[in-house]
There are 2 protein chains.
Amino acid sequence: MDTTQRTDQQRSADRRRRELLEAADRVVLRDGPGASMNAIAAEAGITKPILYRHFGDKGGLYAALAKRHTDALLDSLRAALDAPADRRERVESTLDTYLAAIEARPQVYRFLMHPAEGGTQNDQGFDTGRHSIPLLRRMGEELAQVIEERLDLGPGTHELARVWGHGIVGMMHAAGDWWLGERPCSRAELVRSLADLLWGRLAAAGDRMGGPGF
Amino acid sequence: MDTTQRTDQQRSADRRRRELLEAADRVVLRDGPGASMNAIAAEAGITKPILYRHFGDKGGLYAALAKRHTDALLDSLRAALDAPADRRERVESTLDTYLAAIEARPQVYRFLMHPAEGGTQNDQGFDTGRHSIPLLRRMGEELAQVIEERLDLGPGTHELARVWGHGIVGMMHAAGDWWLGERPCSRAELVRSLADLLWGRLAAAGDRMGGPGF
DNA sequence: AGACTTCGGTTACCGCAAGTAACAAGTTAG
DNA sequence: CTAACTTGTTACTTGCGGTAACCGAAGTCT
């Protein structure tokens with residue numbers, strides 16, 4: 001049981017793990033987030049206990065699965081966020097990247113936004129707010145960091161950037177979700193509308209005559 | 001079986017239904033959204049099949065439960081949205097009302113944002129985006145309507161208002177969720193930061209020196 | 001009065017999915 | 001040859017959503 005051996009075994013275990021994840025991916029994309037462990041095991045050509053040996057429990061598997069997609073999406077978002085262009089263009093391009101991703105693979109998206117699913121009885125001692133979707137949290141933090149790095153907002157920049165990061169991500173997510181369901185306009189129009197919102201067009205708009213101004 | 005009889009029965013059934021809902025409420029608030037039908041029935045002093053007679057299935061019960069809270073929250077939001085004050089004040093008051101609500105009763109909030117929970121295998125032919133939380137959708141539509149009624153946004157007002165409605169609600173939700181978990185600042189500060197974001201401070205902020213402007 | 005429906009309710013069950021225990025190779029080390 | 005470890009299995013337990021079938025106490029019809 002020397003070092004090289006150990007490494008070999010771990011290598012093999014990692015390869016196996018990746019195979020299992022790919023099988024799980026296929027099943028989840030086919031059957032939705034309610035896919036059973038049995039089904040996943042069958043797709044991978046093995047049986048349940050092996051899955052449990054590798055991932056602990058269903059949550060572990062789903063977390064691992066989510067991490068893959070989350071990382072991938074975050075990478076492309078980072079690219080859009082880092083492109084050499086002015087601020088507005090970059091914001092629009094980031095929004096568009098996100099929307100294009102959820103448009104292209106709605107099942108993945110659906111899975112990422114739905115991961116909790118308390119099978120039996122899960123965490124009772126809940127932290128009053130920890131249930132948020134990991135992907136959203138990560139995107140929020142990431143954006144917050146970018147904002148803080150690049151914008152000069154005076155004192156309190158740190159907190160402000162974080163609020164904005166999570167807020168903007170939430171805006172993008174909710175609008176995207178609604179848009180994906182109803183498809184009321186093109187992606188480009190949606191991007192433009194959201195960027196307009198962030199650019200303060202809500203505050204600048206004139207009141208409609210008749211009632212008190214909004 | 002004349003009309004009065006029928007009415008009496010229905011009245012009684014409605015009262016019962018309300019009692020059951022209140023029991024369910026207590027259990028869900030105590031045990032979280034994973035509360036079992038057995039537990040709810042026990043809390044109500046009866047057994048499962050009665051719940052099923054009243055609500056069809058778990059989804060029905062949860063939908064009824066969610067509707068109560070959703071309606072209540074929407075009422076208070078409407079009040080804030082309709083108050084006689086200028087636009088910025090009204091936006092801030094609406095944000096604050098929402099945040100105060102989720103702060104006061106995080107369990108209710110948690111439940112409202114989590115209602116899906118496909119028990120067995122549910123809707124497989126999924127509409128690619130219909131899984132969003134009903135409360136968020138309703139809030140988004142409501143806000144969209146208010147925006148459209150009161151703001152003059154030129155051509156395309158209707159679509160623009162809806163995008164903004166859902167986007168703003170999503171911003172509020174995500175930021176609130178994050179805030180509730182980490183409590184990085186006071187509610188008032190959060191409200192101010194979000195309103196600033198909506199007022200275009202992101203676009204107006206100066207670049208930090210060193211990198212390309214965000 | 002006595003038979004007949006009709007509530008409000010219960011027990012006992014089905015099916016299914018998560019998770020686990022216990023066991024059966026095959027492989028490598030000493 | 002045996003001991004330990006990896007990889008896999010079968011078969012089980014537990015718990016939940018959901019349902020079928022039964023039960024008793026009312027009111028109703030004749």
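A note on names: the letters A, B, ... follow the listed sequences, proteins ahead of strands, and every chain is numbered from 1. Just so it is clear, the model here is predicted, and its values are computed rather than measured.
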Contact between B:Val28 and B:Arg110 at the side-chain level, heavy atoms closer than 4.5 Å - yes or no?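 Not touching, per the 4.5 Å side-chain cut-off.
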Flag the pair A:Leu143 / A:Ile147 as yes when at least one side-chain heavy-atom distance between them is below 4.5 Å, and no otherwise.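 Side chain of A:Leu143 against side chain of A:Ile147, heavy atoms only: contact under 4.5 Å found.
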Nucleotide nearest A:Asp57 (side chain, heavy atoms from C-beta), chosen from C:dG19, C:dT20, C:dT10: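 My answer, after comparing the listed nucleotides, is C:dG19.
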Please report, rounded to the nearest Å, how far the [atom2] atom of [N] is from the [atom1] atom of [X].
X       : N      : atom1 : atom2 : value
A:Tyr62 : C:dA17 : OH    : P     : 11 Å
B:Met37 : D:dT19 : CE    : C1'   : 12 Å
A:Leu51 : C:dT20 : CG    : P     : 13 Å
B:Lys58 : D:dT19 : NZ    : C1'   : 17 Å
B:Arg17 : C:dG8  : CZ    : P     : 14 Å
A:Arg53 : D:dC5  : CZ    : P     : 14 Å
B:Ile40 : D:dC16 : CD1   : C1'   : 12 Å
A:His54 : D:dG8  : NE2   : C1'   : 11 Å

N-O pairing of B:Arg192 and B:Asp96 below 4.0 Å: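 No, no charged N to carboxylate O under 4.0 Å.
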A:Asn38 vs B:Pro49, nearer the 5' end of DNA chain C by closest nucleotide: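 Result of the comparison: B:Pro49.
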Between B:Arg16 and B:Lys48, who's closer to the 5' end of DNA chain C by nearest nucleotide?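 It is B:Arg16 whose nearest nucleotide is closer to the 5' end.
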How would you label the contact of B:Ser36 with the nucleic acid (heavy atoms, under 4.0 Å): base, sugar-phosphate, or nothing?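 Sugar-phosphate, backbone atoms only, no base.
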Using a heavy-atom cut-off of under 4.0 Å over every strand shown, decide if B:Ile46 touches base, sugar-phosphate, or nothing.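 B:Ile46: backbone/sugar contact only, no base atoms under 4.0 Å.
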Any B:Thr47 side-chain N or O less than 4.0 Å from OP1/OP2 of C:dG9: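 Result: no.
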Do B:Phe111 and B:Tyr62 have ring centroids that are under 6.0 Å from one another?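 Between B:Phe111 and B:Tyr62, which both carry aromatic rings, the centre distance is below 6.0 Å.
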Quick one: does any side-chain atom of B:Trp178 pair with a main-chain N or O of A:Val163 as donor and acceptor, under 3.5 Å?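 Flag not set: sc B:Trp178 to bb A:Val163 has no pair under 3.5 Å.
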